[in-house]
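Computed over heavy atoms, backbone and side chain alike; hydrogens, waters and symmetry mates excluded. Numbers here are sequence positions counted from 1.
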Amino acid sequence: MNDDGKALFLQIAEAIEEQIVDGTLSEESQIPSTNELAAFYRINPATAGKGVNMLVDSGVLYKRRGVGMFVAPGARDRVLSDRREAFADRYLEPLLAEAARLGLSADTLTSLIRERAEHHTPPTTEGLPR
């Protein structure tokens, strides 16, 4: 797991969400068990379970009794919507505030973003055991 100071269970949840977003885990597909996650990441199964249960609570995953955990219908849209909202709160609000302080118009800011986006290469993602 990453050593970015974020709780391990949150990192597990985000790794699963990332695989849902990138299509590695599709709707109705089974995710690895908490024991498989724990072995893969070399963490306590309870920690892995906490990350999985967080996604169950938010409706991204659901449990089939005696079978395992599965990606819920609409999970990708739900995760993307939540991430867009978090992105706006975390990045756009401060960006807009700084742009206002610098006297940048919306058009200038849009041009700067487009210019940078043309040269951006997206990062790779860390996978889960399958």
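- Taking every heavy atom of both residues into account, E17 and L55 meet most closely at OE2-CD2, 3.5 Å.
- Under the 4.5 Å side-chain heavy-atom criterion for ILVMFWY residues, no single connected hydrophobic cluster contains both M54 and L37.
- Among all heavy-atom pairs drawn from F70 and E28, the shortest one is CD2-O, 3.3 Å.
- Closest approach of A38 to N44, counting heavy atoms only: CB-C, 4.0 Å.
- Nearest approach of P73 to Y62, heavy atoms of both residues: CD-CE2, 4.2 Å.
- Residues satisfying the side chain to side chain contact (heavy atoms under 4.5 Å, CB included) test with D82, not counting sequence neighbours, are R78.
- Residue pairs satisfying the ring pair (Phe, Tyr, Trp, His ring centres under 6.0 Å) criterion with at least one member in residues 84-103, sequence neighbours excluded, are listed as follows: F87-Y91.
- For D77, the side chain to side chain contact (heavy atoms under 4.5 Å, CB included) criterion is met by no residue, not counting sequence neighbours.
- Between V71 and V60, every side-chain heavy-atom pair lies at or beyond the 4.5 Å cut-off.
- With respect to the salt-bridge test (charged N to carboxylate O, under 4.0 angstrom), the residues R83 and E14 do not qualify.
- Here the side chains of I31 and L25 are in contact, with some heavy-atom distance below 4.5 Å.
- For A72 against G59, the heavy-atom pair with the smallest separation is CB-O, 3.3 Å.
- When the shell of 6.0 Å around CZ of R90 is examined, it contains 12 or fewer heavy atoms from other residues, nucleotides or ligands.
- Side-chain contact check for S105 and D107: no donor-acceptor pair (N or O, by modelled atom type) lies under 3.5 Å.
- The closest side-chain heavy-atom distance from M69 to T34 is not below 4.5 Å.
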Practice task
Go through S33 and N35 one step at a time and tell me if the side chain to side chain donor-acceptor pair (under 3.5 Å) criterion holds.
Solution key: CA-CA 5 Å; S33 71; N35 287 333; 5.2 Å; no
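- The two residues A99 and L109 make their nearest non-hydrogen contact at CB-CD2, 3.9 Å.
- With hydrogens and angles ignored, the 3.5 Å screen pairs a side-chain donor or acceptor of E27 with a backbone N or O of G74.
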